[in-house]
4 protein chains.
Amino acid sequence: MEINDEVAIRRQLVKAVRMLERIGILDMNGHFSFRLPKQDRFLINARAASRASLTVEDIVSCDLDGRVDEGMQEPPSEVHIHAAIYQRRPDVSAVIHSHPHWQTVLGIAGHPLRPVFSIGAFTTDFPVFEKSSLVNTRELAVELAETLGTSPVVQIRHHGNVVVGSGIEEVFAASVYLEENAKKQFYAASINADFHVLEGENLERTRESNWAPSIIRKAWRYQEEKARLAGSFQGIDSVGKGEA
Amino acid sequence: MEINDEVAIRRQLVKAVRMLERIGILDMNGHFSFRLPKQDRFLINARAASRASLTVEDIVSCDLDGRVDEGMQEPPSEVHIHAAIYQRRPDVSAVIHSHPHWQTVLGIAGHPLRPVFSIGAFTTDFPVFEKSSLVNTRELAVELAETLGTSPVVQIRHHGNVVVGSGIEEVFAASVYLEENAKKQFYAASINADFHVLEGENLERTRESNWAPSIIRKAWRYQEEKARLAGSFQGIDSVGKGEA
Amino acid sequence: MEINDEVAIRRQLVKAVRMLERIGILDMNGHFSFRLPKQDRFLINARAASRASLTVEDIVSCDLDGRVDEGMQEPPSEVHIHAAIYQRRPDVSAVIHSHPHWQTVLGIAGHPLRPVFSIGAFTTDFPVFEKSSLVNTRELAVELAETLGTSPVVQIRHHGNVVVGSGIEEVFAASVYLEENAKKQFYAASINADFHVLEGENLERTRESNWAPSIIRKAWRYQEEKARLAGSFQGIDSVGKGEA
Amino acid sequence: MEINDEVAIRRQLVKAVRMLERIGILDMNGHFSFRLPKQDRFLINARAASRASLTVEDIVSCDLDGRVDEGMQEPPSEVHIHAAIYQRRPDVSAVIHSHPHWQTVLGIAGHPLRPVFSIGAFTTDFPVFEKSSLVNTRELAVELAETLGTSPVVQIRHHGNVVVGSGIEEVFAASVYLEENAKKQFYAASINADFHVLEGENLERTRESNWAPSIIRKAWRYQEEKARLAGSFQGIDSVGKGEA
């Protein structure tokens with residue numbers, strides 16, 4: 001891997017974090033990591049840096065035990081989530097942990113997630129981790145990774161979720177449409193406990209046509225454009241702001 | 001038809017798309033088309049171009065089989081919706097396909113649309129298409145057009161809707177107030193399953209007084225003004241941005 | 001009355017309309033009128049002028065039969081509401097007609113308004129007019145005014161409401177807190193049909209302490225400040241924009 | 001205490017008020033006070049000054065009977081809330097009174113607050129004061145302070161709440177996450193009356209890991225950053241604006 005590639009990845013992570021913060025999937029908390037190709041290291045946003053004004057200097061690198069490389073800012077206290085998943089899941093290169101509103105509400109209400117909206121048709125009854133505290137020890141994180149198993153998503157009751165996948169754009173888009181699907185499920189459930197769920201051949205065709213690389217690309221580019229128009233990318237390359 | 005008219009139509013389509021995107025009826029998806037007078041061709045926004053920064057160069061023309069004219073950007077994969085409807089409905093000159101939140105929620109909940117709000121009193125129990133995938137083949141689109149029949153609206157379960165009419169401003173205003181009516185229906189239903197529905201003479205008088213050309217004009221001009229004040233029209237005539 | 005006073009009133013009406021539009025109580029529709037002291041005439045915003053960019057030139061004057069003074073823009077088609085109320089209610093000098101979301105929803109759901117929030121404790125089970133069409137004839141307006149009777153508010157089922165009072169600031173603040181009270185009532189009702197209603201001595205003390213001239217003044221000034229900070233007052237004195 | 005410290009506290013109070021106003025916890029009403037170290041005096045925002053454009057000159061000082069120091073702007077009519085609590089609770093140095101939407105809704109619905117969200121796990125069934133009027137006399141305030149007892153929060157039915165603590169950042173963060181917890185409780189309750197409540201060991205670990213000084217600091221800094229980016233701090237040091 002060239003040094004230039006790592007720079008590009010840092011920049012893409014910064015944009016992803018600011019884009020998710022703009023639409024409320026990240027707030028003061030949450031983190032987005034990416035495993036460097038052919039290395040036992042991953043990049044992640046630093047603990048203290050505001051998600052709304054993150055810069056490339058606020059991306060730190062860690063090993064698969066969650067130890068940050070020397071001289072860097074402190075990683076999130078929940079960095080163990082990322083480390084444990086990268087250790088257990090060689091197929092995974094990107095991880096988001098966040099506190100999305102509607103999924104958290106459905107979890108509090110005890111409603112399992114169901115596919116109800118075309119672009120969120122990849123949603124299914126994902127595993128739920130029942131320990132709601134910060135996942136700030138290696139032990140808790142290993143337990144969470146076991147609950148995740150081979151799933152792309154694990155919900156954390158009263159707390160949030162973790163979404164994993166093979167690329168930054170893929171987990172970004174999955175996060176956005178998982179939450180949109182959850183929002184629509186919530187509202188439908190509030191007027192009809194026996195709402196329509198996508199199923200059978202209709203579910204298969206809908207998932208297949210809607211969850212394609214071209215849609216993921218489009219979701220990323222649309223949110224990128226919205227963030228750009230809203231001024232959300234100002235200063236992403238700033239130097240000397242890391243300690244602010 | 002003069003070339004200048006087509007330029008004006010392109011511009012109006014671009015404004016309509018940006019206006020609908022601003023208020024959340026369009027997002028990364030959705031398309032708005034217009035049949036060129038006395039031609040078997042229609043204009044539509046290109047597949048890849050962001051609805052938030054669409055320009056006149058992102059409007060492409062297609063024939064009634066959904067084939068884009070040479071040298072133009074790719075049309076939406078669901079262009080067939082528009083082609084099939086224009087073939088079947090000579091009375092129709094404008095078509096919007098979008099994923100409006102409240103109508104989609106009511107569809108998931110299995111609640112048929114009802115007229116409950118004065119300006120949305122044209123709402124009725126529109127036909128529902130039960131295939132929720134992308135309508136990205138001619139066969140699916142023909143089936144959808146058959147379900148639409150002579151109605152101004154067809155709902156697509158778990159997915160969105162299609163609104164048709166004779167002019168850009170008309171389908172624009174219908175889209176806006178159909179969704180406003182659906183939103184009010186949703187909220188009323190959430191506190192009283194047996195909510196009041198407009199009916200009889202009251203329904204007729206309300207629909208007639210509220211769904212008039214002057215109201216359609218006013219709805220367009222109001223949203224145009226709001227979009228202008230929000231800066232949503234910046235760069236609509238931009239040249240050389242099409243490949244971005 | 002001095003000519004300067006009328007200029008000041010026009011300016012205050014323009015600000016009030018833009019302030020209500022900013023917070024969604026007015027949109028493309030709705031009107032705000034004020035009866036000129038010791039005259040059988042009232043000022044009102046013109047029919048076609050956008051509520052988001054209204055100027056002092058868009059305020060027209062009418063007599064108590066709803067006829068606009070010569071050379072002026074057309075008044076709203078529902079100008080009769082204002083005329084009929086001023087004729088019947090000598091105590092009234094200011095009238096707002098709008099389509100507030102939560103009150104309309106409660107009306108569709110058949111829930112009478114109840115006082116539930118401190119600043120909205122003046123709310124009571126106001127009369128409801130059951131004809132939902134535009135109130136665009138003198139006959140309908142007289143009937144509406146009769147339904148209003150001596151109340152400060154009349155609800156129009158499926159449509160909106162009319163709020164009346166002695167001054168611009170008073171009906172402005174009443175409109176804002178009536179809707180806030182309705183919003184809180186809606187949400188409380190959605191999780192407990194038997195929610196707490198303010199009553200007895202607690203209601204009296206709450207209404208008395210919260211619905212005072214100093215609170216009305218404060219509500220006006222707060223919204224004025226918010227509108228100013230949001231840039232909502234740009235061009236309110238513009239000349240030569242009336243025909244736009 | 002140095003004079004410079006008091007200047008810094010004034011500035012922090014102004015920022016806190018504008019930050020809470022930006023996110024809707026304060027609006028035209030509400031106040032934030034801080035007891036000066038080793039003095040029987042506290043600082044509080046003035047009655048008439050807009051919370052959206054408060055400046056350091058709009059912070060006034062009062063004694064523990066709620067009397068404002070000479071030559072200063074008028075304090076809020078509910079200043080007695082702060083005075084009575086500082087008299088009764090030597091452990092308290094910061095007090096917020098506001099009208100947060102979701103807590104008020106839960107109060108109207110008669111739902112006691114429950115811990116349901118990780119960062120709001122400090123929430124419990126706080127005492128409720130049943131007199132809903134303005135707390136604008138010393139007698140009412142003393143009664144409210146008695147209802148508060150040793151709790152960090154007292155709810156006021158149909159009206160709002162009071163949050164107390166040892167520092168500005170602490171009560172700020174508590175206000176924000178108390179309301180976020182209430183919002184999630186509301187939505188969960190609306191689809192399942194028997195929703196999951198944090199309890200037992202899971203509650204303890206969640207509260208302990210999430211309600212730490214580092215989280216409080218982070219909540220403050222995040223909102224500070226958001227307010228700064230939104231331009232909400234413009235003119236906080238303005239001189240000569242107090243009478244506006």
Side-chain angles (χ1 to χ4, degrees), chain B residues 19 22-23 102 114-121 123 169 172-173 176-177 180-212 214-232, chain C residues 18 21-22 24 26-30 46-54 74 76-78 99-111 128-137 140 156-160 182-183 185-193 195 230-232 234-235 241 244:
Chain B
M19 285 150 74
R22 192 185 73 86
I23 58 176
W102 297 109
R114 316 296 288 146
V116 296
F117 180 51
S118 51
I119 316 178
T123 300
E169 296 190 359
F172 173 87
V176 172
Y177 285 98
E180 186 62 32
N181 187 86
K183 179 180 174 185
K184 287 183 168 46
Q185 176 180 340
F186 168 82
Y187 280 113
S190 78
I191 55 171
N192 185 357
D194 191 31
F195 57 87
H196 290 259
V197 174
L198 276 161
E199 53 189 9
E201 203 189 336
N202 192 32
L203 169 59
E204 277 170 50
R205 276 194 320 245
T206 301
R207 189 168 44 206
E208 199 181 314
S209 69
N210 275 288
W211 199 239
S214 64
I215 306 277
I216 289 169
R217 190 85 255 276
K218 199 175 184 183
W220 173 273
R221 288 184 57 195
Y222 176 68
Q223 292 296 340
E224 198 180 28
E225 179 74 352
K226 294 289 286 182
R228 191 184 64 73
L229 291 171
S232 302
Chain C
R18 291 211 191 180
E21 196 278 336
R22 192 185 75 85
L26 295 180
D27 50 23
M28 76 169 182
N29 289 310
R47 180 179 194 170
S50 166
R51 280 67 175 153
S53 57
L54 199 73
E74 205 181 347
S77 68
E78 296 182 309
H99 306 163
H101 178 69
W102 297 110
Q103 288 166 76
T104 307
V105 163
L106 289 172
I108 296 168
H111 283 223
V128 180
F129 189 61
E130 295 290 349
K131 300 190 173 174
S132 309
S133 69
L134 285 182
V135 186
N136 55 8
T137 66
L140 273 170
I156 311 177
R157 182 96 61 204
H158 300 292
H159 177 160
K183 179 180 173 185
Q185 176 180 339
F186 168 82
Y187 280 113
S190 77
I191 56 171
N192 185 357
F195 58 87
S232 302
Q234 284 176 3
K241 175 252 157 207

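Please read these numbers as outputs of a predicted model, since none were measured by experiment. Below, chain A is the first sequence line, B the second, and so on; all start at residue 1. Excluded from the calculations below are hydrogen atoms, water molecules and symmetry mates; all remaining heavy atoms, backbone and side chain alike, are included.
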message: Using heavy-atom distances under 4.5 Å, tell me whether C:Ser190 contacts chain B through its side chain, its backbone, both, or neither.
response: both
- prompt: Minimum heavy-atom separation for C:Ala189 to B:Ile191, with atom names?
  reply: C-CG2, 4.1 Å
query: Heavy-atom distance under 4.5 Å to chain C: side chain of B:Lys226, backbone, both or neither?
result: side chain
task: Return yes if some donor-acceptor pair links the side-chain N/O of C:Ser133 with the main-chain N/O of B:Thr206 below 3.5 Å, else return no.
output: no
field: Point-to-point distance, once rounded to the nearest 0.5 Å, from OH of B:Tyr187 to OG1 of C:Thr104
entry: 14.0 Å
field: B:Glu180, part contacting chain C, at a heavy-atom distance under 4.5 Å
entry: side chain
statement: Between C:Ala109 and B:Phe195 the two heavy atoms that sit nearest each other are CA-CB, 4.2 Å
task: With a 4.5 angstrom heavy-atom cut-off, could you sort out which part of C:His111 is near chain B: side chain, backbone, both or neither?
output: side chain
query: Considering only heavy atoms, which portion of B:Leu229 lies under 4.5 Å from any heavy atom of chain C: side chain, backbone, both, or neither?
result: side chain
message: Check B:Glu225 with C:Arg51, please: is the shortest side-chain N to carboxylate O separation under 4.0 Å?
response: no
query: When rounded to the nearest 0.5 angstrom, what is the spacing between CZ in B:Arg228 and OG in C:Ser50?
result: 8.5 Å
field: Heavy-atom proximity to chain B below 4.5 Å, by part of C:Gln234
entry: neither
- request: Side chain from CB out, backbone as N, CA, C, O: work out which of these in B:Ile215 comes under 4.5 Å of a heavy atom of chain C, or both, or neither.
  value: both
Main-chain N/O of C:Leu134 paired with B:Ser209 side-chain donor or acceptor, under 3.5 Å: yes
query: Given a strict heavy-atom distance threshold of 4.5 Å, which part of C:Arg47 is in contact with chain B: side chain, backbone, both, or neither?
result: both
message: Please evaluate residues B:Phe117 and C:His159 with respect to the criterion side chain to side chain contact (heavy atoms under 4.5 Å, CB included), reporting the C-alpha separation (whole Å), side-chain torsions for both, the decisive distance (0.1 Å), and the verdict.
response: CA-CA 6 Å; B:Phe117 180 51; C:His159 177 160; 5.9 Å; no
field: Candidates B:Gln223, B:Lys218, B:Arg221 - the one meeting side chain to side chain contact (heavy atoms under 4.5 Å, CB included) with C:Met28
entry: B:Lys218
query: If you look at every heavy atom in C:Ile108 and B:Ala188, which pair is closest and at what distance?
result: CG2-CB, 3.5 Å
query: Hey, is the main chain of B:Val116 close enough, under 3.5 Å, to the side chain of C:His158 for a donor-acceptor pair?
result: yes
message: Out of B:Arg205, B:Glu204, B:Lys184, return the one with the most heavy atom pairs under 4.5 angstrom to chain C.
response: B:Lys184
